[in-house]
Amino acid sequence: MPERASLPETTDASRRLEKTFDPASFERRWYALWEAEGRFQPSGPASSPRFVMVIPPPNVTGRLHIGHALGRTLEDVLARWKRMQGYRVLWVPGTDHAGIATQMVIERKLASEGVDRRTLGREAFVERVWAWKREAKDTIQNQMKRLGCSLDWTRERFTLDPDLSRAVRRAFVQLYGEGLIYRGRYVVNWCPRCGTAVSDLEVVHKEVNGKLYQIRYDVSGLRSGAVVATTRPETMLGDTALAIHPDDPRTAKLRGKTAILPIVGRELPIIEDPILVDRAFGTGIVKVTPAHDANDFASGQRHGLAAVVVIGPDARMTKEAGPDYEGLDRFEARKKVLERLAAENRLVATEDHRYALGHCQRCDTIIEPYLSTQWFVKIKPLAEPAIRAVERGDVVFVPESWAKTYFAWMENIHDWCISRQLWWGHRIPAFHCDNGHITVSEETPSACATCGSGRLEQDPDVLDTWFSSQLWPFSVFGWPEETTDLKVFYPTDVLVTGYDILFFWVARMIMAGLHFTGKAPFHTVHLHGLVRVGGEKMSKTKGNVIDPLEAIDEFGADAVRFALAAAAATGPNVSLEKQRLAGSRAFATKLWNASRFALGQFEEERPAGSPEGRRLELPDRWILSRLSAAAGEVSRKLALFRFDEAAQAIYSFVWHELCDGYIEMVKPRLSGSGGQPASREAARETLARCLTDSLALLHPFMPFVTEEIWEKVVGRAGTLIVSGFPRERPEWTDARAQRSVEALRALVTRVRNYRGERSASPTEPVDLTIDRASSEVETLADLTELAPLLSHLARLSSLSFEPPPEGSTRDVVAGIGVGLSLSRPASSADRSRVAKTLSELDEEIRSLAVKLRNPSFLDRAPAAVVEKTRRRLVELEQRRAALASAGA
RNA sequence: GGGAGGUUAGCUCAGCGGUAGAGCGCCUGUUUUACACGCAGGUGGUCAGAGGUUCGAUCCCUCUACCUCCCACCA
């Protein structure tokens, strides 16, 4: 820790703080200063440990929401905490091009201008997106700056930057060469509105109320025909078989026969497929539509069935569906097919059926299983090492329970469809020649690698956004080049993100990191919850959206950060309400006012904040002991990612111990009237130390206000960010001072609530006696020393150390027998309050006595517990006796 | 259909084998010269229900009820 006393003053700032706390008046100034002085860049000797994080790059779709603010706050708390501890901290900023999401935003914008992207053309459209991106990036950057994020802006990256695009091509080419990327015709998830394939993860399953239709197909030589069940009758136009289970006696008579597809008239073989057919479901007969159902497609492959595409990429029926249906929307076609079936008396039954239907994550359109040629990543070989890395503990999840979710997904992972029929994104580095060959290459080839043809066209598709995101922890450092940054800063340390992108991003980064660099991209993943307001998801329709910038304007960035950190418990929800923000602002105000008070004491001469070597009094020793404990607590909790508990620890130290306790105790000493100059100096030094250490402990959470106050207290502008982080100090730990001062505080509280019990005003004189015989020698000695302070805080009219006089209210407080009295007799109301306390005591005494009479308890409970129970019983009995003697 | 998590003070949430906690709210008092975004005191909980393990359970186990979320190709 730097020696504050020896620091030269670099500014001539006034030592006063404005009377009103106005965060807006200094926040931007401090950010600009930190940035100008390069505080966000890694610095310090190369030998110091480093701490590296990459930001989860926000989408350039618009602006950040409060959930981003949560994640970035937690990261910044870590970054600032580590930086103050002397780490070389690097936190890399950047944004994600977010292919499908951003393209949608621009399409919507164009639509509002009455323009379709197709009329604009690919090149012009992409240019429009770039223009949007530049604006969105600035907005996002500003938001993070307002929040105070100590990101190294000199290293800002974007997933479509040339070097990151290069990394994408390298990754693709390498995987292709390894046989881990393949191209093929399969049934994929297709969004008819977006006009692209999407991955399994981008399909959101929702329960819908639908119908299950039973349709009778004619079967040659079988009068009864075959009844099949389907939720999607329109797809029957593309049926190319019926399937039965080989072991199902109900359908055995269909074996080897041929069915006739209603409406169309096509002959359908009846196949036996134990994988496709579940004997327990429906009629045991399944219509097989290889072009419009992934399972049917697989079955079709097994049995060599044709795939007839009857629904096109726009979700309208194709020519194959027949002239009656061609051009109809899939749902209109369904209606029409049902009418026709009903007319032909083939619709055997229609029943309500609830089932899960896939919807597009982006636009909520019902996803269509669609047969098309796409690119895929063969994922199992990548998943296996990633599973092992977590099993081995090379990557740790916090909270650890997420590992289970991770394993469950990874162990059942399916190949990843990575091609998207979009315009915004990384073009797939595959080139088709006019002979139908494919050349995969990082650079645009001049000739086909197979036939040498010079007529090549690049594949029109782009890659799934997450294909580039998965490379982020190393592509930002220049991979595949072996850059210095890559060597120095990779692998990173901690990744902080919401659990909602565990599969989309975190799992894929682990896979990619291991595969391409041989190292896990980080050793710890902290998954935080999602922000809820009043237990509800934020949504514009509910009107409970908290916009981070608005919140910062209203409460100050520090309050927003503190509230977020304090709310970040371990659960899946982070509950945030306006009142919490207000509470955090109140805390910042409290700190501000306490600092104003302290600075008022420092006017003539700035204390060095070095209480060491002074003759410290009990309250000084108490608060330093508490300060040390708080410092230890904050670091311990941060190390566990318990931001809420760390925030709580510093909050309660500053507010309830430093402000409510210590400052009130030392006011008389500081005012000059109440003490010797040496005593005053001890108090000033202690107060200065508590204040500066509190500022430092709080800085990761509230960087702006702490820096603002620090400048006034310490006299150096903008240096708190790089000052030391307070440590636990065993030499300050003082159990005796803690015991004695806490006894003092308990006595003060007892006197105050005695006034309440007796309906006395806060100024009504109270006499307090402390029974010498009741107390430990040490505490008694300390209380004797603290007597003037006790009288002052409790506003006693007299304090004496003797047995309580007749007629006083007796009690035992912190093990000390006391007598309390007012100059007037107790009323009956007063007495009934005592009676209530007595009956509560009796209750507890009885239960403890029962416990202590139980031989099993005495036998089996640990001796310490038994002893503790005994002591507790004695205490209660003393207290009861004391109260009863007065109540009588 | 699998899996995970939850049910603790009026609200939002911590705690998790040995006397129930915080913030906010509420009540009472209070312009004590840092702060009314304050100070002081107080009210408020059969820790979802039922069993079990234990000397002892809010905390561990089982079941039940209700709620959340994730995963899933049952036509």
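- Taking atom CD1 of A:I271 as the reference point, atom C1' of B:A75 lies 13 Å away to the nearest angstrom.
- Distances were taken from every side-chain heavy atom of A:S575 (C-beta onward) to each of B:G23, B:A75, B:U12; the shortest belongs to B:U12.
- Inspection of the A:T837 and A:E840 side chains reveals no N or O donor paired with an N or O acceptor under 3.5 Å.
- Of the candidate nucleotides B:G5, B:G18, B:G25, B:G5 has the atom lying nearest to any side-chain atom of A:P572.
- In the set B:U19, B:C69, B:A75, the nucleotide with an atom closest to the side chain of A:E844 is B:U19.
- The aromatic rings of A:F562 and A:F587 lie tilted to each other, with the angle between the two planes from 30° to 60°.
- Atom NZ in A:K851 sits about 17 Å away from atom P in B:U54, given to the nearest Å.
- Taking every side-chain heavy atom of A:H205 into account, B:C73 is the closest of B:C71, B:C13, B:C73.
- Results of the side-chain contact (heavy atoms from CB on, under 4.5 Å) test with A:V812 over A:E875, A:R879, A:R880 single out A:R879 as the only residue that passes.
- Between A:Y217 and A:D239, the side chains place a donor N or O and an acceptor N or O closer than 3.5 Å (distance only, hydrogens not considered).
- Looking at heavy-atom distances under 4.0 Å, A:L599 makes no contact with the nucleic acid at all.
- Proximity of A:H414 to the phosphate of B:A72: no side-chain N or O atom is located under 4.0 Å from OP1 or OP2.
- Ring-centre distance between A:Y499 and A:W402: below the 6.0 Å cut-off.
- Residue contacts shown for A:V277 include a base, since a base heavy atom lies under 4.0 Å away.
- Using bins of under 30°, 30° to 60° and over 60° for the plane-to-plane angle, the ring pair A:F21/A:W592 lands in the tilted bin.
- At whole-Å resolution of the value, CZ in A:F503 and P in B:A4 are 13 Å apart.
- A:D278 comes within 4.0 angstrom of a base, heavy atoms only.
- Base pairing of B:A48 is made with B:U64, judged by Watson-Crick or G-U wobble geometry with both donor-acceptor distances under 3.5 Å.
- Closest to the side chain of A:N753, from the set B:G41, B:C69, B:A75, is B:G41.
- Atom P of nucleotide B:A72 and atom CG of A:L357 are separated by 15 Å, given to the nearest angstrom.
- Considering only the side chain of A:K287, B:A75 comes nearest among B:A75, B:G41, B:A14.
- Rounded to an integer number of Å, the gap from CZ of A:R354 to P of B:A75 is 13 Å.
- The gap from the P atom of B:G3 to that of B:U62 amounts to 13 Å, rounded to the nearest Å.
- A side-chain donor-acceptor contact under 3.5 Å links A:R758 and A:Y754.
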Reading nucleotides 27-38 of chain B from 5' to 3' and marking B where a protein heavy atom lies under 4.0 Å of the base, S where only the sugar-phosphate is that close, and - otherwise, the string is --S--B-BB-BS
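- At a threshold of 4.0 angstrom between heavy atoms, the contacts of A:T749 are confined to the sugar-phosphate backbone, with no base atom among them.
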